[in-house]
Amino acid sequence: MDEMTAVCELRADAPVPDRARLAPGRIRLVRATERTSRARTRLGRRWAAVAAAAAVAVVTVAALVVPQLVTGSGERSVRPAAPPVVRTDDLEDAATVLNRAADAVERLPDPKPRAGQWVYQKTMRGHESKPQSGPAEQEHWYPYVDPRFENGKEGDDHSFRERYELVDRLPADPERTLATARASYPPIKGESRSAHSFRASRVLADTYPVPPGGLARLYRAMATIDGLKVVDRLVEDARGRGAIAVYLPERDDAFQDQMLFDPQTFTCVGQRVVATKAYSFGKADPLHPDDTKAGDVLINSLVLESGLVDRKGQRP
Amino acid sequence: MSPPPADDAATIEESRERPETFAHLYDRYAADIHRYVARRLGDGVADDITAETFLAAFRHRARFDTSRHNARPWLYGIAAHLISRHRRTEVRGLRALARTGTDPVAESWADRADSRVTAQAAKAPLAAALAGLSPRDRHVLLLVAWADLTYQEVAEALDIPVGTVRSRLNRARRKVRTALGDDPMFVNDTAKVV
């Protein structure tokens, strides 16, 4: 055996990842490509939505996972007052859910992020129709201030600081708030005004750190979006717990983006993408999921933990 | 949906007008890059580094020299750059293997009870030698040995002259050969010829 053979044999049993393992990375890439191209095919548009849900799903919950929230100095934040216990069968319309979510989030402390801090997030996916072979939980660190994603350098992909400041500036007037959200995330061709408002608001709400007052104003503005519905039963979030699902039904839409809320605390507990009808992705793109049927949960994700830390790699 | 163009340069050219076509490169090479990263740093970080490799490639696609038809070396070069940020982790893993005979990197994908992991004890001298290489020499050696790149492709990946690839590879091989000379499992080719 020569030395090159010895090197070649070291760790030669490293596995080749399957396509399910690679799919989240592909979604991240597709999301980046979609941001630079507004001339999308219908399939492309849908996968942009799927990708957006996968990449940032969750975030609304970030500000609400209070026990884990800490400041950069390591000081643990306080819990909000316990929200009122409600009967889930009282929840018949989306506006009620969103207004209660606004009431709940308003009580949270402002994380008061500072330049130089890192945003820590621990995300998970689960309870999807097709099992993931990759890790269910992942940890991420992002710089709070990232000039690469500011001042429009990456289109509508804003840094965490820009998103925090944008939410902080949202006005109390729901119409103006929705207009701000739509202006921050341009429309997709063929998208209705309500769908645009719902999508842009979800992306904006899906951030951490977030000023609680601004997020409450955003939720109250979302409550005014025409056509929002609530699934008539509790659905499973990524942990398998019951959740209220708010969505916007759109005719001929093969996929439905749902925003999930805890039925007791009204904190956001992630997002789901659910197939509304049978759909074939064709065989030309081997990394897309196999054909789906109505009711399939394609993505079910949430942020388990978020916080501001002083160094990359540090946990709250 | 039309099938992806077979030529990487054409795909990248097309992605300037239709960015979404860049995903075809992911379909072609993500599995290779992922396995290479896992082999160097462990399974746990391979997802992120693979994704980051392709995101960086997409953002800098205008820099790709489209006279080169194959994007594989370019992607390995980006991955190598990202791996460099974890240099201490990599060296720590190799030293652990050298010291204990148990490979923390292989453990990341194998069951702890798997005999393949414990069999890595025989690789301890090799691991020590790899840990002792300079990062630049280690990149060249492992791109040749694990990524199956040619000298020319390594030169493209790391943006260095082919002559530099040869000298770095020769130096790395010599150091590894010397380290393995003390290993009873290792029989030098030169000795066999003689």
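Letters A, B, ... mirror the listed sequences (proteins, then strands); counts begin at 1.
- Residues Asp47(B) and His34(B) have side chains that bring a donor and an acceptor to within less than 3.5 angstrom of each other.
- No side-chain donor from either of Arg125(A) and Ser301(A) sits under 3.5 Å from a side-chain acceptor of the other.
- Using a 4.5 Å cut-off between heavy atoms, Asp43(B) contacts chain A through both its backbone and its side chain.
- In this structure, a donor-acceptor pair under 3.5 Å is present between the side chains of Ser84(B) and His139(B).
- Neither the backbone nor the side chain of Ala38(B) comes within less than 4.5 Å of any heavy atom of chain A.
- No hydrogens or angles considered: a donor-acceptor pair under 3.5 Å links the side chains of Arg28(B) and Thr11(B).
- Annotation: maximal heavy-atom pairing with chain A below 4.5 Å, among Val144(B), Asp148(B), Leu94(B), occurs at Leu94(B).
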